[in-house]
Engineer: 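Structure in C-alpha cells, see below.
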Amino acid sequence: MPGIQTPAAPVDAYQLSTVEVMAGLGVSADRGLSSTEAAGRLVRFGPNTLAPERGAGRVRRFLAQLDNPLIYVLLVAGAVTAAFGGLVDAGVIAGVVVVNAVIGYVQESRARKALDALSRMVPAEAAVVRDGETRRVPAAELVPGDVVSLAAGDQVPADVRLVDVRAFEVDESVLTGESLPVVKGTDRLPGATGLADRTNTAHAGTVVSRGSALAVVVATGAATQLGAIERMVAGTEAVATPLTRKLAGFARQLSAVIVVVAAVVFVVGLSRGMPVAEAFTAVVALAVGAIPEGLPAAVSIVLAIGVVRMSRRRAVVRHLPAVETLGGTTVICTDKTGTLTENRMTVTAVVSAAGGEDECLVAGVLCNGATLHHEDGEWVADGDPTETALFAAARAAGMDPAALHQEFPRADVLPFESARRLMATVHRRHDGTRVGYLKGAVEEVLARCDHLDAEAVLRHQRALAADGLRVLAFATFDPTTAPVETQIDSPHATFLGLQAMHDPPRPQAVRAVAACRAAGVRVKMITGDHADTARAIAAAVGIVDSAAEARVLTGVDLTNLDGDLAEAAGADVFARVSPEQKLALVKALQDRGHVVAMTGDGVNDAPALRRADIGVAMGAGGTDAARGAADMVLLDDDFATIEAAVEEGRGVFDNLRRFIAWTVPTNIGEGLVIVAAVLLGATLPIVPVQILWVNMTTAVFLGLTMAFEPKGPGIMSRPPRPPDRPLLTRTLLWRICMVGALLVVAAFVAFRWEIAAGGSMAEARATAVNVFVCVQIAYLFSCRSLDHPLLSARPGRNPALWLGIGLTVGLQLLLTYLPAMNTLFHTAPVGPGAWLLALGAGATAFVLVELDKVLRHGRPGS
Ligand code: ATP
C-alpha cells in the first residue's frame, strides 16, 4: 500500500478498509508501533510539525512595509525634490523611507517571533499506543502508522484513518468552514469523496466534539490537509488588534486633515513667493512630521512586550488584543478544581454500608478513566487526579489496581463527561458473566439506584462537602450486552458508597483573590462541583467572607430563573453549572457593562470562552478544544496567574497611553512649526530635512522607551478603568494641544534669539532643533506619569529611557558638530549659550506640564 506510506500521498486511506490501512502501514491496533520502528519512521518522515516560514515570506513582509500611502507620498516627494536638483534632500527622504521600512519590519518580526515562541510553550500531546501500551507523547513525535486514541476535547494531532469509533463527532470548521460537528464512522468510502465528506478520516487541527475513537495516523506534518492549507496562507496573517485598528483609523483621519492643511500651506507659500521646490519640500516635511506613522506599529510593540512580560508570569496570550483587554477586566469567573485548588486529590473518607467498603474501592479502580502503564518496573497511573486518587485509595487498602484490571477486563465504557457528571464501565468476569459500575456526582448516581435511604446518603454528602471535600458516589449494576450508553438511564443499580477527596486550596490563590478584590475586580467561582464543596472552598480562598453567608446559586436555581439572569449574576459562587449556563452568565455580566474573564476546561466550554472578553484555558489540565477557543492559556493552571496577567495588562495599557500621549503632540508640533512659519510669512526655524531627522530619531529612541516603563506601584490598588473610557481622554487631548503649542513656541523663540544674538542661519536652526528635541525629552519624563505629578508618582527604573535619551543626545551632538552632518542637514556648531537655551526650554516645558497636572490633580482621567 505504497500510497499510504509516503506522507506525500496519504489521500487514498479513506478508500481502503481499516484492515487494509493497518496492514499497509505495518501496524496492529492493539500493539501499535514498536518504539524502535517509531523512531525510525520519525527520522524518515520528519517531525509532525508544519514547515517554518520560508525566505519568500520575509521578502514579501519587507515589501509590505512600503505599501503605505505615506511612503508613496514620500517617494513622489523625493523624486520631485531630486528633479528640482535637491539631491541631498532627496537622499535624506530615501533614507527615511528605507529606515522606516527596516524598523517596521524588525519590529513586526519581533512581535511575530514572540507570539510564535509562545504558541510553542503549550506543547500538544497525543495518546498513542506503542509497544502495546497507551502513553502520551508530544504530538510532534507522531509518525505514520501510529495508533492514537482520541477523546472529546482533543485536537486531532495528524491526519488519521478511524479504526473504531464511539459516538464520535468532530468539529471540522478550521478545514471546511462547516460549524456543525460531523458524525464519523469507519466504513470505507468510494474514490473521489470530497474532503468534507470523508467520514472515516479525521484531520489534523480539527477538534473532537463528542465521543472517542481509535485511529491510525496516515499523514503527519506538512503532508496533512492542514499543512497544505497552511502553505497556501503562510505569511498573510497580520498582527492587528481592535486598538491598533482604532489607532490606525485615527492616524488615517489625522493624515487626511494634515494633507488638507499641507495643501493650504502649499498654496499660501506659493502666493507669498516661495519657490515651488521649497514650498513642496516644506509641505512634505509637514506631512511626514505631523503624521504619526509609527503609531500602529508601536502599539503592536507595546502589546508584544506585554505578551512577553505575561509569559514570564506563566500566562500565554494567544491573541494580541487580549493584552489590552486584560487590563480592563472587571470580573473574573474562575472554576474551582485545579485553578483555585491544587488538583492534588487524596481520598480521605470512604463511606459505605457495613462491609461494602472494599467493593466501593474496587468500583473506583475499575470505573476509572486513568491508565496504568509500566515504568522502571513499577505501575504508574496517568490521568485526571480525581481518577488516580481512586487508584491510590485502593492501593492504600492493600489492593492491586493493575491486577484488578487484568482480572476484570473492560468490555465497554462511557467516559466521564462534565455535562453528564457520570462514568460507567462494563467488565467481564472469568466465568463469562459481566458486571457494571457507575461513578459520578452523588445526585446522578443516586438517581440510578434502587432500594436505598437517599436522605441518609445526602446527609453524609453534605457533611463531607461542608469540609470542602469533593464527593463521588459509586454503584454497581447488572449490564446487558447492549452498548453501555443505552443502559445508563435506567440501570437499576445498587449503591456501593461514597469516596470523599481532599484537594487543598492553592496558597497563592488566597493572596491573588485578595489582590483582585483590592483592585476592584470581582472574583466569581463557577464550578461543576457540589454547592457545599464550592461554598467551603470559596470561603477558604477568600472569594466570600464566610461560608455561612455566601450566596450560592446552583444550576437548578439558574434554570428556575427562566433566563432572567441579570440579578443572579451578582452572586459570587455558582455550583453544578452547565456549560450553557456559563455562557448565559458571561452574557448577563457583559450586559451589565462588565469586562469578563472566564476560565474553562471542557470541550463544551468553548462557546463561553469565545464569548468572554478574555477566555482563559488551562495549559496543564483542560482540553485542546478549550485552549483553541481561549485568548489566554495558564501554563500552571493557577488562579494567581490570571491576577498577574491582569496586573500586566494594566501596565501595558498605561504604557500605551504614555506612548500616545508623547507621540501625538510631538508629531503635531513638528508639523505646526512649518505651518506657522509659512502662514506667518516667517523664515522657517526648522527646515524640512531637519524635521525628517527629528521625526526619525526621536520617534524610535524617545517614544518607544515608554513601552518599557515599569508598572506603577499602585497599579493593583485602583479600580479597573471604566470599559467605555476612551484612549484619548479630555485631559490627554488638552495635554496634546498644550505640548504641541509649547514645541512650536520653543522652536521660534530659540531661532529668533540666536539670530538676534548675531548667529548665522545654520546656527540658529541648529539651536532651534536642539531646543525642540530638549522639550521632547523633558516631556518624555512627564509622560512617565500621566495623571499625577512625576515627583509624587515615583516611577520605577527604566534603563531603556536613559539609553534612549543618551542616544538622542549623542545624535544631536553629531548633527551639531560633525561637518558631514552640518552639510547634509544645514546645521552649524553652536556655543554653550545655545545649549543653556535648550536646557532652559526643556525645564520650562517640564514645569508647565507638571503644573498642569498639579492643577488637575484629583481629577485624573477626566
Ligand atoms: P470545576 O468546574 O471547578 O473544575 P469540577 O472539576 O468539580 O469543578 P467537573 O469536572 O465538571 O467540575 O465535575 C463535576 C462533577 O462530576 C464533580 O463534582 C464530581 O461529582 C463528578 N466527577 C468529576 N470527575 C469525575 C470523574 N472522573 N468520574 C466521575 N465523576 C466525576
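Each ligand, and each atom within it, is numbered from 1 in the order the structure gives. In this chain, residues are counted from 1 in sequence order.
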Engineer: Going by the atom numbers of ligand 1, which of them fall below 4.0 Å from some non-hydrogen atom of Lys336?
Structural biologist: 1 (P), 3 (O)
Engineer: Between Asp545 and Arg517, is a salt bridge (Lys or Arg N to Asp or Glu O under 4.0 Å) present by the stated rule, with each step listed?
Structural biologist: CA-CA 12 Å; Asp545 294 326; Arg517 291 179 76 176; 3.4 Å; yes
Engineer: Does the pair Asp637 and Thr339 meet the rule for a side-chain hydrogen bond (donor to acceptor under 3.5 Å, both in side chains), with working shown?
Structural biologist: CA-CA 5 Å; Asp637 296 9; Thr339 311; over 6 Å; no
Engineer: In the structure I gave you, are the side-chain heavy atoms of Leu458 and Leu446 within less than 4.5 Å of one another anywhere?
Structural biologist: yes
Engineer: Should you measure from each heavy atom of Lys439, which atoms of ligand 1 turn up under 4.0 Å away?
Structural biologist: 26 (C), 27 (N), 28 (N), 29 (C)
Engineer: Nearest protein heavy atom to atom 23 (C) of ligand 1, by residue and atom, and its distance?
Structural biologist: Arg470 NH2, 3.1 Å
Engineer: Give me the nearest non-hydrogen protein atom to atom 29 (C) of ligand 1 as residue plus atom name, then the distance to 0.1 Å.
Structural biologist: Phe416 CD1, 3.3 Å
Engineer: So is Arg576 polar-close to ligand 1, meaning N/O to N/O under 3.5 Å?
Structural biologist: yes
Engineer: Counting only heavy atoms, tell me which of Gly364, Ala473, Gly528 gets closest to atom 12 (O) of ligand 1.
Structural biologist: Gly528
Engineer: Classify the contact between Met525 and ligand 1 as side chain, backbone, both or neither, using a heavy-atom distance cut-off of under 4.0 Å.
Structural biologist: neither
Engineer: Does ligand 1 have a heavy atom under 4.0 Å from the side chain of Leu472, from its backbone, from both, or from neither?
Structural biologist: side chain
Engineer: In terms of heavy-atom contacts, does CZ of Arg344 have more than 12 from other residues, nucleotides or ligands at under 6.0 Å?
Structural biologist: no
Engineer: Distance alone, cut at 3.5 Å: any donor-acceptor contact between the side chains of His492 and Ser490?
Structural biologist: no
Engineer: Evaluate Arg470 against Asp529 for salt bridge (Lys or Arg N to Asp or Glu O under 4.0 Å), listing each step before the verdict.
Structural biologist: CA-CA 7 Å; Arg470 177 182 181 82; Asp529 214 333; 3.2 Å; yes
Engineer: Where the closest heavy atom to atom 27 (N) of ligand 1 is concerned, which of Glu387, Gln461, Met345, Glu443 has it?
Structural biologist: Glu387
Engineer: What atoms of ligand 1 come within less than 4.0 Å of a heavy atom belonging to Ala441?
Structural biologist: 20 (O), 21 (C)
Engineer: Test Arg511 against Glu643 for salt bridge (Lys or Arg N to Asp or Glu O under 4.0 Å), laying out the working first.
Structural biologist: CA-CA 10 Å; Arg511 188 202 51 75; Glu643 184 256 331; 3.4 Å; yes
Engineer: Could you list the atoms of ligand 1 found under 4.0 angstrom from a heavy atom of Thr527?
Structural biologist: 1 (P), 2 (O), 3 (O), 8 (O)
Engineer: Please check: side-chain N/O of Asn368 versus main-chain N/O of Gly364, any donor-acceptor pairing under 3.5 Å?
Structural biologist: yes
Engineer: In ligand 1, which numbered atoms sit nearer than 4.0 Å to a non-hydrogen atom of Ser418?
Structural biologist: 9 (P), 10 (O), 11 (O)
Engineer: The test is side-chain hydrogen bond (donor to acceptor under 3.5 Å, both in side chains); show your working for Asp384 and Thr386 and say whether it passes.
Structural biologist: CA-CA 5 Å; Asp384 193 295; Thr386 302; 3.2 Å; yes
Engineer: Polar-atom distance check: Arg421 versus ligand 1, any N or O pair below 3.5 Å?
Structural biologist: no
